[in-house]
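Within every chain, numbering begins at 1; the chains are lettered A, B, ... in the order of the sequence lines, protein sequences first and strands thereafter.
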Protein chains: 2
Amino acid sequence: MTFEIKDRAAGGRIGVFDTPHGKVTTPTLLPVVNPNLRLIAPKDMRRLFGTEMIITNSYILRQSEGLRERALSEGVHKVVDWDGPIMTDSGTFQSYMYGKVAVLPDEIIDFQKRIGVDVGTILDVFTTPDKTKDEASAELDETLVRAAAAAKAKDGMMLAATVQGGVHVDLRERAAKGIAALGVDLAPIGGVVPLMEQGKYATLARIILAAKRNLPSGLPVHLFGAGHPLVFPLAAALGCDLFDSASYAKYAKDDRLMFPWGTRSLTDLTELPCACPACDRWRTAAALRKAPPAERERTLAEHNLHVSFAEIRRIRQAIRDGTLWELVEERAVQNPALLDALRAVSEPSAVDQLERLEPVSANRAFTYKGPHTLHRPLVTRFHRRLLEAYRPQGKVCYVLPERSKPYGEAYGAYLDAFLAQDATFVVDSPLGPVPLELDLTFPVAQSVFPEILDEEARRVRQRFADAFFDKFQGCEILPFDAREYTDLAPEPTDACRDGWDARRLRAIADHQWGHDASDALLAKPLTYVRSPSNCRVRNVMSRGEHVMSLRAEDGLLSLRLAGARRIHAATASPRHRLVVDDDAGPFVASGKNVVARTVQRVDPALRPGDDAIVVTAKDELVGIGRMLLAASEVREVGRGLAAKTTDHVEAGG
Amino acid sequence: MTFEIKDRAAGGRIGVFDTPHGKVTTPTLLPVVNPNLRLIAPKDMRRLFGTEMIITNSYILRQSEGLRERALSEGVHKVVDWDGPIMTDSGTFQSYMYGKVAVLPDEIIDFQKRIGVDVGTILDVFTTPDKTKDEASAELDETLVRAAAAAKAKDGMMLAATVQGGVHVDLRERAAKGIAALGVDLAPIGGVVPLMEQGKYATLARIILAAKRNLPSGLPVHLFGAGHPLVFPLAAALGCDLFDSASYAKYAKDDRLMFPWGTRSLTDLTELPCACPACDRWRTAAALRKAPPAERERTLAEHNLHVSFAEIRRIRQAIRDGTLWELVEERAVQNPALLDALRAVSEPSAVDQLERLEPVSANRAFTYKGPHTLHRPLVTRFHRRLLEAYRPQGKVCYVLPERSKPYGEAYGAYLDAFLAQDATFVVDSPLGPVPLELDLTFPVAQSVFPEILDEEARRVRQRFADAFFDKFQGCEILPFDAREYTDLAPEPTDACRDGWDARRLRAIADHQWGHDASDALLAKPLTYVRSPSNCRVRNVMSRGEHVMSLRAEDGLLSLRLAGARRIHAATASPRHRLVVDDDAGPFVASGKNVVARTVQRVDPALRPGDDAIVVTAKDELVGIGRMLLAASEVREVGRGLAAKTTDHVEAGG
């Protein structure tokens with residue numbers, strides 16, 4: 001395996017793709033370099049846009065007498081004058097454009113090997129969206145035969161085997177399964193250019209999801225022909241790692257400028273709504289229109305790549321921030337067809353698929369962007385866990401009209417009122433009713449919402465509220481009456497409230513690990529190490545052992561070794577566990593991180609960011625691992641870490 | 001008057017602000033130049049960002065011994081080394097920051113005059129949002145007294161008199177009325193920095209609307225202290241023309257980067273999600289972080305201005321395209337508080353105010369952006385006009401499930417079916433039920449919507465649908481049954497259908513001018529000049545006279561002179577009229593455009609883009625004017641054109 005996942009958000013990831021000519025950080029765009037046309041030299045692309053990898057066409061190289069001889073004698077890197085990684089396409093797109101292609105599948109694989117490309121591509125059958133299922137299935141059979149033959153013949157060359165299947169989700173699934181079995185290095189999703197040209201992004205999203213759920217996480221995915229920045233955020237959020245396109249050049253030829261918000265013809269522009277270095281050279285649309293044609297084309301091509309690579313950087317930043325869904329929703333507003341695609345990824349099966357990959361917390365605010373926000377996988381998970389894990393108390397449920405000001409004077413008195421009652425207190429948060437105990441836990445406290453939600457978001461909240469209050473059968477549900485506030489609240493006490501923190505910690509631990517583990521972790525007596533300045537709980541001691549720490553940034557609990565022992569004793573394998581092979585055990589026990597390929601078994605409920613207990617095959621506890629991958633991915637990646645070890649039994653035990 | 005409106009969209013406009021040191025195109029940003037700190041020299045701003053006008057602080061100039069003497073002897077333009085227009089602030093902001101200011105209102109006016117600023121500002125009382133209505137009212141009294149005194153003392157200097165009033169809408173209205181009466185040159189909206197700092201954009205929007213509805217359209221409006229591009233589109237759409245801010249520099253000092261989508265600290269960035277020339281010099285966030293502090297600050301300040309001016313250009317382009325609401329809705333997604341502001345401008349009184357300014361057509365698609373799209377003034381108008389003007393036919397109303405493919409074979413056959421029935425045919429369009437006759441008229445055919453709307457948009461549609469079908473009382477409302485299609489439709493006839501076009505043209509003319517004018521325009525017999533290629537109607541001849549032309553781009557009718565005569569005869573003044581003074585009559589009659597200051601009276605129902613009949617005070621028809629302004633504005637602008645003359649009685653008559 002040649003791909004390693006370094007960071008992640010939504011279904012997207014920051015990866016490192018390792019090729020013979022160097023490592024490439026993903027997501028990224030591979031500009032198409034036409035060996036016959038040199039609008040922008042590859043070296044200039046590196047200098048101007050930070051391009052790390054390019055794609056060129058082996059079929060064009062092979063069909064041109066002069067280029068073929070040079071490529072065979074000097075290698076493709078010399079021909080295109082680029083010493084970085086090169087991927088080549090195989091003529092498939094030409095077969096789509098012109099109906100046929102003058103090369104056999106094995107010939108083009110052989111040619112790609114001989115000219116020294118880093119990643120060669122099979123000559124697959126480009127299945128167009130208009131193909132019936134039977135037609136598409138027959139074409140897929142052929143593609144899979146060719147992929148299998150190419151996989152056998154690839155030798156040292158890295159191989160891209162394309163997922164086809166037209167618009168038929170089950171065929172895309174079959175294609176992905178077939179390609180997953182071949183052990184190739186890259187899985188492009190092909191045949192999608194017509195969908196993108198027609199703006200059928202909902203279909204595109206369903207196809208990507210179908211492919212992704214049948215491809216191992218460790219196999220990078222390329223979206224063939226995706227060259228408009230409009231589609232990058234959604235495709236990246238669904239797990240596409242590489243994009244390529246000649247669009248930057250084609251659009252430039254037609255006097256068209258790409259923006260993350262769409263495409264504009266230079267002819268229609270009075271202003272130049274861009275500050276990229278290429279546009280900056282001309283300052284006004286009128287000046288650029290009057291530029292000599294070659295300079296104008298070059299300027300527009302540079303503009304298109306500047307904008308595309310800036311969008312790639314924005315996507316990577318959003319992955320690192322944990323805000324990729326926010327970016328996807330922002331960009332979707334630019335094009336109604338992208339909003340339809342968001343609908344497609346809000347369907348229950350899609351949400352289930354994506355929820356499995358969704359980290360438990362983000363580094364930044366959880367921000368409302370519109371009706372789609374309440375359909376995000378994280379919200380579904382949050383609601384589901386509340387329904388499963390929260391334990392109501394007493395015979396009354398008070399509903400607060402809005403969140404109390406945390407840690408203010410009123411809030412303190414309020415907590416005392418809460419403690420004085422045998423009742424459940426619920427806050428009417430933007431995400432719906434949330435127990436007061438979880439009000440400071442991600443994503444509730446981190447949520448940034450408008451004062452007035454759209455009706456669709458309100459309906460999602462209401463649906464959850466109905467289910468949530470069903471938990472309180474037999475309880476009286478009362479709005480919290482401000483006039484009774486002073487009656488409920490005794491005189492404010494000291495700001496440190498052990499009783500309140502016990503309730504709160506139990507609710508959080510229930511939410512993170514479920515009742516059995518939570519009960520074991522919070523066995524009485526409980527004591528706390530608190531912040532001297534604001535009295536907030538930092539460390540949780542159960543029977544004198546430091547079992548957990550409470551994180552200020554997201555209000556979630558970090559497991560400590562004593563706590564891991566409790567969970568280990570209270571639950572059966574593989575619950576909460578990363579099971580590593582016996583050889584790896586001592587390494588984790590001494591504090592080394594958990595290498596993915598040493599993992600034998602994993603609790604399928606684990607999500608990126610969860611604290612797992614790390615055990616050997618004999619179920620001996622060796623440490624705690626903060627998950628860097630989702631459970632479903634751990635056994636699918638060939639490289640890199642499954643978890644970062646945060647505590648361990650030797651020396652730390 | 002020193003301001004002329006050149007183009008418009010939503011409540012925003014492209015204007016030209018005429019100052020002693022040159023003309024400035026609006027909307028634009030005036031960067032704050034601190035005379036003591038020269039982060040970026042004004043001349044560099046022109047070269048780097050196309051800056052046309054700057055703002056500096058007369059109070060700081062006056063308080064600094066050295067600067068004061070230089071300013072008095074050499075003039076402010078020499079001191080800041082800028083030969084373009086200069087506006088100065090007066091110390092009001094300093095009085096807000098530091099509680100007091102060491103200058104009297106008349107002294108600072110006098111000083112501004114003596115140093116030769118282009119636009120000086122009164123020393124108004126900065127009313128903060130926390131002020132009660134009584135406090136704010138008393139402060140406003142003082143501001144208005146100072147404004148009146150300054151207006152008397154201004155001499156040759158252009159004067160900005162600031163609208164105050166805190167968060168109290170009625171006080172903002174009073175302030176605007178008071179300032180409107182003074183004949184000043186610019187009306188800044190002041191006291192809003194705390195609102196922007198706290199993200200209270202809904203309050204900001206209500207304040208701007210209150211000021212705008214009491215200020216004449218010809219008076220440019222400045223939003224004091226608005227320097228974050230996040231707020232530009234909304235403020236421009238509500239009619240703000242100038243922005244100013246020191247934020248670009250303050251943010252740079254704090255290592256913060258502005259984006260149209262928010263603010264990011266350089267510390268938090270792994271990637272540099274920007275391609276502006278300033279960021280481009282460093283390429284990566286890490287490199288920029290390591291830059292020497294002065295260079296880093298300069299880079300960030302340049303970045304902030306590059307981004308701000310690019311956003312200004314994008315706004316101007318959106319105004320020219322007629323898509324400013326689209327841009328506002330796109331940007332609102334970036335910040336939940338902006339979504340609340342969109343709610344505020346969706347309130348009925350705001351929609352009424354903005355609808356009066358809304359052009360009848362745009363140059364581009366009418367694009368859905370989310371729940372707010374169906375609250376746009378244009379949709380409200382479209383629905384209202386349908387309810388008022390559409391005339392149902394027959395005893396049956398067929399509802400088509402979706403828009404037919406225009407001008408296709410099926411559509412043609414369908415029109416024959418339509419003609420064969422004494423029935424009304426309604427299309428279930430994204431905007432709600434629309435008569436088939438108006439299906440190709442803006443904004444229906446131009447609407448680009450997702451397949452699935454959010455629930456709020458669906459509710460707006462449903463509410464309209466209920467009202468619309470109330471018009472059909474006594475009619476049977478039937479879904480259109482595709483199985484009956486072939487029964488309804490006779491054999492397809494020739495593509496030219498006079499009967500259908502007569503129905504369609506009547507519906508459009510009803511929609512544009514109402515029944516009386518429409519009946520006069522379409523007196524039978526009707527004949528048509530059609531496109532030879534697709535048979536579309538181009539010119540409409542009634543009783544042999546060319547009364548109207550049908551525009552391909554938006555499906556609306558352009559009035560011709562014979563049609564104007566019909567409307568003139570069928571309606572009483574001032575219906576459909578621009579009444580110009582008798583001196584101006586002959587100019588329009590010979591084809592000259594309609595100058596706003598020659599207009600004596602105007603039909604209040606006219607909107608930008610409407611065809612008005614131009615008459616003299618004696619109600620003699622002299623021509624047809626395509627409105628460049630809204631009716632409410634014609635008498636409020638001191639400069640420029642009210643309408644473009646498209647046909648006229650002399651030579652053309």
Legend entry - A:Arg47 versus chain B, the contacting section by heavy-atom distance below 4.5 Å: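 Backbone only.
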
Legend entry - Contact class of A:Leu338 relative to chain B, heavy atoms under 4.5 angstrom: neither

Legend entry - Most contacts with chain B, counted as non-hydrogen pairs under 4.5 angstrom, among A:Ile315, A:Val307, A:Val448: A:Val448

Inset, instruction - Using the test ring-ring contact (aromatic ring centres under 6.0 Å, His included), find all partners of B:Tyr201 that sit at least two apart in sequence or belong to another chain. - result: none

Inset, instruction - Count the heavy-atom pairs under 4.5 Å between each of A:Arg283, A:Arg331, A:His306, A:Glu330 and chain B, then report the option with the highest count. - result: A:Arg283

Inset, instruction - Check each atom of A:Arg343 against the heavy atoms of chain B and say whether the ones under 4.5 Å are side chain, backbone, both or neither. - result: side chain

Side-chain donor/acceptor pairs under 3.5 Å, residues 267-276 of chain B, sequence neighbours excluded:
{"unit_1": "B:Thr267", "atom_1": "OG1", "unit_2": "B:Ser265", "atom_2": "OG", "d": "3.2"}

Inset, instruction - For chain B, find which of A:Lys369, A:Arg314, A:Gln334, A:Glu326 contributes the most heavy-atom pairs closer than 4.5 angstrom. - result: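 The residue among A:Lys369, A:Arg314, A:Gln334, A:Glu326 with the greatest pair count is A:Arg314.
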
Inset, instruction - Please flag which part of A:Tyr368 lies under 4.5 Å from any non-hydrogen atom of chain B: side chain, backbone, both or neither. - result: both

Inset, instruction - Hey, could you give me the CG/CG distance between B:Asp280 and A:Asp280, rounded to the nearest 0.5 Å? - result: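 B:Asp280 CG to A:Asp280 CG: 9.5 Å, rounded to 0.5 Å.
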
Legend entry - Heavy-atom donor-acceptor pair, B:Asp340 side chain to A:Glu451 backbone, under 3.5 Å: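 Yes, B:Asp340 side chain to A:Glu451 backbone: donor-acceptor pair under 3.5 Å.
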
Inset, instruction - Please answer whether the main-chain N or O of A:Glu455 pairs with a side-chain N or O of B:Arg459 as donor and acceptor at a distance below 3.5 Å. - result: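 The answer is no, because no donor-acceptor pair under 3.5 Å joins these two groups.
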
